[in-house]
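Heads up: the structure comes next, in structure tokens.
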2 protein chains.
Amino acid sequence: MPSNTPSLKFAYHHGDLPKQTHHLALETLREHGDAAISLRALAKQLGVSAPALYRHFSDRDTLLAELAIGGFEALTDRLRAVDQQMPRKALIEIGLVYVDFAQEEPNLYRLMFGGRVLPMSVHPRLDAARKGAFKVLENTVANARELGYLKPSPVSLITAAAWSLVHGLSQLTIDGHLPGGNAEPMLTESVLSLLLEGSQSDAQQQSQQDLTP
Amino acid sequence: MPSNTPSLKFAYHHGDLPKQTHHLALETLREHGDAAISLRALAKQLGVSAPALYRHFSDRDTLLAELAIGGFEALTDRLRAVDQQMPRKALIEIGLVYVDFAQEEPNLYRLMFGGRVLPMSVHPRLDAARKGAFKVLENTVANARELGYLKPSPVSLITAAAWSLVHGLSQLTIDGHLPGGNAEPMLTESVLSLLLEGSQSDAQQQSQQDLTP
DNA sequence: TGGCATAAGTTAACATCGATAACATTGTTG
DNA sequence: CAACAATGTTATCGATGTTAACTTATGCCA
């Protein structure tokens, strides 16, 4: 019965369902969190039946994993754009970019690190994307250390500390766990400075140096 | 038909459904994560019909919130047990206890901080429990600062840094995000030392002190 | 060009879940 | 002892993930 309008594609073979599904799912995630992502609802909004999505995503978890992968890639891109000339400035800037990303995309960030998606070990692409972001941070630390800006502690240790700090700060601020609100723009920079310069009093630093003169 | 066996309670009025529900839900959370908690499944295991649970928990989210509250209280208890005599030792120990808790109860920890339950602002008891744990950490920092062990930076700033560090370290280790595995027992202590003593090289520390002699 | 394999949709159906309404039973208490 | 509140029950609704079986469009190859 409805077989005319030849120039207009009207039904079957939607075009690029995968891309549009990904896009709409990402938007839903951004605005309402991952719990609000329903394959049926997505399908309805895309004007398609629910099982159609299973042609392109074997699983709901797989779709979420792809969103997380995109998140890691976006984060990696932003981190890579940081200027690496001056060690201290680079380290601070990396941290700022990281926390900014989490605050701009809280729901995406939670999906990336919430431990909700399939364990990393079983999803190679997701694991690779995560490692890519980590590498940028690690390279920044390694570079700063080679330039003599950092102590000769193992790079892995300093990197773990730096990542823990920015990740913890991100999580706590986007969930409102820090008192005084997360409105303080200088908080991130101040916290990072503490990791660089230490939080001990000068007297303590002094007496500690005296041990190995 | 079945109206005998008077000494044995057999049906209606289960006894203490709330407590047993809480207990079973906690066990399920521990072993399989919060996503595995289903009110219907809990009811079946408790030998009771599903709507019965709604007499005691207005909502699934409410049950999860109670589990999170219990988690914060348990964490607070552990943190309070830390000896506060020597500032440095206390700070390190607080961090170790914190990370240990997260590693022992990863699923509970994720529920507490995953941003999955109702926003803190709308659940007063949950918010209070969280603040209780935070207070212990803050007091430890304040005490160490008053004893002259820490720099005169604002207590809120140092506390935010310390909490971010241990929280980030917890999250990253329980999700396996740190390379080399989370098997290193000294990692937490080393990372905390970095925050206390700084990660800058001695030369940098020196030149920075020279600015304000 | 005709035919056919395959990719990409469809409807139908199943199991599970959270949640509510209406009803039944128990225990307590004035 | 009778009324009432507390605490269960069954029946039911709407939504979800997922699979099975079927249908249609697309593209490739003899």
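Residue numbers begin at 1 in each chain, while the letters A, B, ... track the order of the sequences. What you see is a predicted model, and the numbers here were worked out from it, not measured in a lab.
Per the geometry, CG belonging to B:Asp16 stands 11 Å off P belonging to D:dT7, to the nearest Å. A straight line from CG of A:Leu42 to C1' of D:dT18 spans 15 Å, rounded to a whole angstrom. Distance CG (A:Leu63) to C1' (D:dG17): 13 Å, rounded to an integer number of Å. Rounded to whole Å, atom P of C:dA8 lies 12 Å from atom CZ of A:Phe57.
With B:Ser199 contributing its side chain and A:Leu150 its backbone, the two residues share no donor-acceptor pair below 3.5 Å.
Residues passing the side chain to side chain donor-acceptor pair (under 3.5 Å) test with A:Arg55: none are found, sequence neighbours excluded. The side chain to side chain donor-acceptor pair (under 3.5 Å) search around A:Arg116 returns B:Asp34, not counting sequence neighbours. Judged as a side chain to side chain contact (heavy atoms under 4.5 Å, CB included), and not counting sequence neighbours, the contacts of B:Asp16 are B:Lys19, B:Gln20. By the salt bridge (Lys or Arg N to Asp or Glu O under 4.0 Å) test, A:Lys89 is found to be paired with no residue, residues two or more places apart in sequence or in another chain being considered. B:Glu138 meets the salt bridge (Lys or Arg N to Asp or Glu O under 4.0 Å) test with B:Lys135; sequence neighbours excluded. For A:Arg80, there are no salt bridge (Lys or Arg N to Asp or Glu O under 4.0 Å) partners at least two apart in sequence or on another chain.
Across residues 45-56 of chain B, B:Val48, B:Ser49, B:Pro51, B:Ala52, B:Arg55, B:His56 each have a non-hydrogen atom less than 4.0 Å from an atom of DNA chain D (numbered order).
Sequence order on DNA chain D of the closest nucleotides to A:Asp59 and B:Pro18 puts B:Pro18 first from the 5' end. If you find the closest nucleotide of DNA chain C to B:Asp61 and to A:Leu17, the one lying nearer the 5' end belongs to A:Leu17.
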Under 3.5 Å donor-acceptor pairs involving side-chain atoms of residues 37-47 of chain B, not counting sequence neighbours:
{"residue": "B:Ser38", "atom": "OG", "partner": "B:Arg40", "partner atom": "N", "Å": "3.3"}
{"residue": "B:Ser38", "atom": "OG", "partner": "B:Ala41", "partner atom": "N", "Å": "3.0"}

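For residues 93-112 of chain A, the pairs satisfying salt bridge (Lys or Arg N to Asp or Glu O under 4.0 Å) are A:Arg30-A:Glu105, A:Arg78-A:Glu104, A:Arg110-A:Asp175, with sequence neighbours left out. For residues 58-70 of chain A, every residue pair satisfying the side-chain hydrogen bond (donor to acceptor under 3.5 Å, both in side chains) rule, not counting sequence neighbours, is listed here: A:Ser58-A:Thr62.
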What protein N or O atoms touch nucleotides 13-16 of chain D N or O atoms at under 3.5 angstrom, if any, and at what distances?
{"residue": "D:dT16", "atom": "OP1", "partner": "A:Ser38", "partner atom": "OG", "Å": "3.4"}

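Across its full length, the helix from C:dT1-D:dA30 to C:dG30-D:dC1 shows an angle of 10° between the axes of its 5 terminal pairs at either end, rounded to 10 degrees.
Taking the side chain as every heavy atom from C-beta outward, B:Gln171 and B:Tyr109 approach each other to under 4.5 Å.
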